[in-house]
There are 2 protein chains.
Amino acid sequence: MNVEKIIKTEKQIPIASRTLIHLSLVEAKINEIMTTALKPHGVSLQQFNVLRILRGQKGKPANLSTLNERMVTKMSNTTRLVDKLILKGYVDRVVCPSNRRKVEINITVQGESALSEMDTALKEAEEKLLNNFTVEDLTALNVLLDKF
Amino acid sequence: MNVEKIIKTEKQIPIASRTLIHLSLVEAKINEIMTTALKPHGVSLQQFNVLRILRGQKGKPANLSTLNERMVTKMSNTTRLVDKLILKGYVDRVVCPSNRRKVEINITVQGESALSEMDTALKEAEEKLLNNFTVEDLTALNVLLDKF
DNA sequence: TACATACATTTGTATATACAATTGTTGTAG
DNA sequence: CTACAACAATTGTATATACAAATGTATGTA
């Protein structure tokens, strides 16, 4: 990605600002490619993330606040994200019997199979995004990102 | 930032996916801190970016499509972003006399002075975000990000 | 038991963004 | 000179998101 072309300015940009701008641009690119890959499957990137988290639960239901902890979005949106997944039949929501304030979200069979179809699309997108990277690059990048 | 806590799952996440998730999380953090820093100034991060680009023009006006090239947002939003900056009196828009399809956007004196106040707030935010990084780290990070 | 407080989720509302269609302008082939 | 394609920006509309307030439930304490 050619940042210089986008950042172009006569005066030198300090490396701190440059890095942050660079990160936004990269993130935007990732987002676009992922979203495009998911479009044929009719889910947004956020909806995909919810499904992926639920699958990681291996049958154990997740309640909204734990889902929320592991997402970038705000609580109020998590509710509505789940609403949309329910409409699609990919998850179901039941009131938690032991504590009726909580809800339990589960991925459905239909959701699992839709998710596994998305996996291949997403994997292709990832490869497209990361084809310039060696494993060492990725490791180094993760180490650096951890400093945030 | 503790990604592991957020990504947590029993099965190993492949490094490619892990990196991309990590990047989203970092970007979200950056975005939040920047937005918070700008809030007292009453502009969004995107509006701030427009002002910063215009300042880089050093008096030369920018038309919408060049603004757009250098932003992550879509054209239709650029129009509305500029609308909001006009309402605040930070920029003005005139139809380009040589080609009346184009418009010319300029930063106003008021916009310049508002921008310089934002600069200090943003600089603090940047330092807060990057205080774990050495200059070498930043350089390395930029090199890696360029591979996208 | 009654009351205040904390918790988990949901709803209302304003704002932001994406995508497609539209407007107005310029360039150009016949 | 006209018709048509290309260009630059704008508008309409649906969806997404943030923030604050509201709902319903549980817990602690007098």
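Given the structure is predicted, the values throughout are model-derived calculations rather than measurements. Letters A, B, ... are given to chains in the order of the sequence lines, protein chains preceding strands, and every chain is numbered from 1.
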Value in whole Å for how far the C1' atom of C:dT11 lies from NZ of A:K74: 17 Å
Spacing of B:I105 atom CD1 relative to D:dA8 atom P, expressed in whole Å: 14 Å
A:L138 CG to B:L20 CG distance, which is reported to the nearest 0.5 Å: 8.5 Å
Interatomic spacing from CG in A:L45 to OG1 in A:T36 - rounded to 0.5 Å: 10.5 Å
Phosphate OP1/OP2 of C:dT15: any B:K84 side-chain N/O under 4.0 Å: no
Pairs where residues 99-127 of chain B contributes a residue and the test salt bridge (charged side-chain N to carboxylate O under 4.0 Å, His left out) is met, not counting sequence neighbours: B:R55-B:D119
C:dG27 base / B:R100 side chain donor-acceptor hit below 3.5 Å: no
Nearest-nucleotide pick for B:L64, side chain only, options being C:dT11, D:dT10, C:dA16: D:dT10
Nearest-angstrom distance from the residue atom NZ of B:K102 to C1' of C:dG27: 13 Å
Protein-nucleotide distance (B:L85, atom CG; C:dA16, atom P), rounded to Å: 11 Å
A:L67 CG - C:dT10 P separation (whole Å): 11 Å
Earlier contact from the 5' end, DNA chain D, for A:C96 and B:K39: B:K39
Pairwise distance OG(A:S24) to CE(B:M34) - rounded to 0.5 angstrom: 7.0 Å
Atom-pair distance (CZ on A:R80; C1' on C:dT11), nearest Å: 7 Å
Proximal nucleotide (of C:dA18, D:dT17, D:dT10) relative to the A:Q46 side chain: D:dT17
Sugar-phosphate only, base, or nothing, as touched by A:S76 at under 4.0 Å among non-hydrogen atoms: base
Spacing of CG belonging to A:L122 relative to OG belonging to B:S17, to within rounding of 0.5 Å: 8.0 Å
Residue closer to the 5' end of DNA chain C, B:N99 versus A:N77 (nearest nucleotide): A:N77
Closest to the B:R101 side chain, choosing from C:dT26, C:dT9, C:dC7: C:dT26
Phosphate contact (D:dA18 OP1 or OP2) by A:T73 side-chain N/O below 4.0 Å: yes
Any donor-acceptor N/O pair under 3.5 Å between D:dC7 base and B:S65 side chain: no
Value in whole Å for how far the P atom of D:dA18 lies from CG of B:L38: 16 Å
Integer-rounded Å distance: D:dA16 P and A:L87 CG: 12 Å
